[in-house]
Amino acid sequence: MIKVIVKKEDNFYKEVEITGHANYDKYGKDIVCSSVSSIVITTINAIISLDKDAINYDDTLGVKIEVLKKDEVTNKLIENMLKLLYELQRQYEKTIKFL
């Protein structure tokens with residue numbers, strides 16, 4: 001199961017951590033894992049292209065995004081990412097869990 005941990009402070013996202021595997025199919029053929037990866041990487045790339053100092057991320061063990069700046073654009077992009085992950089969770093209930 002993919003686990004998503006979200007931390008907020010003052011109505012701004014502070015940290016998002018995504019770990020695990022969906023186990024919907026075999027590694028390399030799992031459409032849920034592929035979708036999660038695409039959503040998260042696209043969001044990270046969008047934020048960095050607008051402001052390279054807005055976040056730090058580590059993709060060593062899953063993905064951990066640390067928000068360094070409290071700004072509306074970064075917050076909206078992360079909010080959009082989470083909405084897409086929630087929608088994916090609705091479609092594949094047993095593969096993603098928000099903690």
Side-chain angles (χ1 to χ4, degrees):
M1 176 168 291
I2 294 173
K3 295 176 183 141
V4 181
I5 300 170
V6 179
K7 295 179 184 173
K8 287 182 91 171
E9 184 178 274
D10 301 326
N11 292 321
F12 284 91
Y13 293 100
K14 183 177 178 180
E15 187 176 285
V16 179
E17 188 171 357
I18 302 162
T19 59
H21 182 63
N23 294 315
Y24 186 76
D25 203 342
K26 298 175 200 167
Y27 282 95
K29 295 186 179 216
D30 194 316
I31 61 171
V32 177
C33 280
S34 177
S35 297
V36 169
S37 293
S38 295
I39 291 166
V40 173
I41 290 167
T42 299
T43 302
I44 289 170
N45 286 340
I47 293 169
I48 290 172
S49 73
L50 295 169
D51 183 352
K52 63 180 170 70
D53 298 320
I55 62 169
N56 273 337
Y57 74 96
D58 179 9
D59 58 359
T60 307
L61 300 169
V63 176
K64 184 175 184 178
I65 303 168
E66 179 187 9
V67 181
L68 303 174
K69 293 184 178 180
K70 292 181 181 179
D71 70 86
E72 291 296 326
V73 174
T74 301
N75 209 53
K76 287 290 184 192
L77 286 168
I78 291 175
E79 182 177 51
N80 183 68
M81 174 186 77
L82 293 172
K83 284 180 181 179
L84 291 169
L85 293 174
Y86 276 121
E87 183 61 33
L88 197 58
Q89 179 194 39
R90 284 186 34 196
Q91 293 175 10
Y92 301 95
E93 295 175 356
K94 296 177 182 179
T95 61
I96 301 173
K97 184 175 186 175
F98 283 80
L99 304 173

Identify, with sequence neighbours excluded, every residue that meets side-chain contact (heavy atoms from CB on, under 4.5 Å) alongside Leu99.
Lys3, Ile5, Lys97
If the condition is ring pair (Phe, Tyr, Trp, His ring centres under 6.0 Å), which residues does Tyr13 pass it with, not counting sequence neighbours?
none
Is there side-chain contact between Leu88 and Arg90, with at least one heavy-atom pair below 4.5 Å?
no
Taking only residues two or more places apart in sequence or in another chain, which ones pass side-chain hydrogen bond (donor to acceptor under 3.5 Å, both in side chains) with Glu72?
none
Among pairs that include at least one residue of residues 36-63, which meet side chain to side chain donor-acceptor pair (under 3.5 Å), considering only residues two or more places apart or in two chains?
Asp51-Lys69, Asp58-Thr60
Residues two or more places apart in sequence or in another chain: which of them pass side-chain contact (heavy atoms from CB on, under 4.5 Å) with Lys94?
none
State, with a plain yes or no, whether a side-chain heavy atom of Val16 is found less than 4.5 Å away from one of Ile78.
yes
CD/Glu93 to CD/Gln89 distance, rounded to the nearest 0.5 angstrom?
7.5 Å
Checking Lys83 now: which residues fulfil side-chain contact (heavy atoms from CB on, under 4.5 Å) with it, not counting sequence neighbours?
Glu79
Partner residues of Ser35 under the side-chain hydrogen bond (donor to acceptor under 3.5 Å, both in side chains) criterion, sequence neighbours left out:
none
Thr95 and Ile2, any side-chain heavy atoms less than 4.5 Å apart:
no
With Asp30 via side-chain hydrogen bond (donor to acceptor under 3.5 Å, both in side chains) - residues at least two apart:
His21
Any side-chain heavy atom of Leu82 sitting closer than 4.5 Å to one from Val4?
yes
Quick one: list whatever passes salt bridge (Lys or Arg N to Asp or Glu O under 4.0 Å) with Lys8, sequence neighbours left out.
none
As a quick check of understanding, evaluate side-chain contact (heavy atoms from CB on, under 4.5 Å) for Val36 and Ile96, giving each step before the final call.
CA-CA 9 Å; Val36 169; Ile96 301 173; 3.9 Å; yes
Ile55 and Leu68, any side-chain heavy atoms less than 4.5 Å apart:
no
Kindly write out the residues that satisfy side-chain hydrogen bond (donor to acceptor under 3.5 Å, both in side chains) with Asp71, not counting sequence neighbours, or none if the list is empty.
Thr74
Phe12 meets the ring pair (Phe, Tyr, Trp, His ring centres under 6.0 Å) criterion, sequence neighbours left out, with none
Value for OH (Tyr92) from CE (Met1), rounded to nearest 0.5 Å, stands at 15.0 Å
Below 4.5 Å, heavy atoms only, C-beta onward: do Glu15 and Ile65 meet side chain to side chain?
no
Just jot down the salt bridge (Lys or Arg N to Asp or Glu O under 4.0 Å) partners of Glu9, sequence neighbours excluded, or say none.
Lys14, Lys70
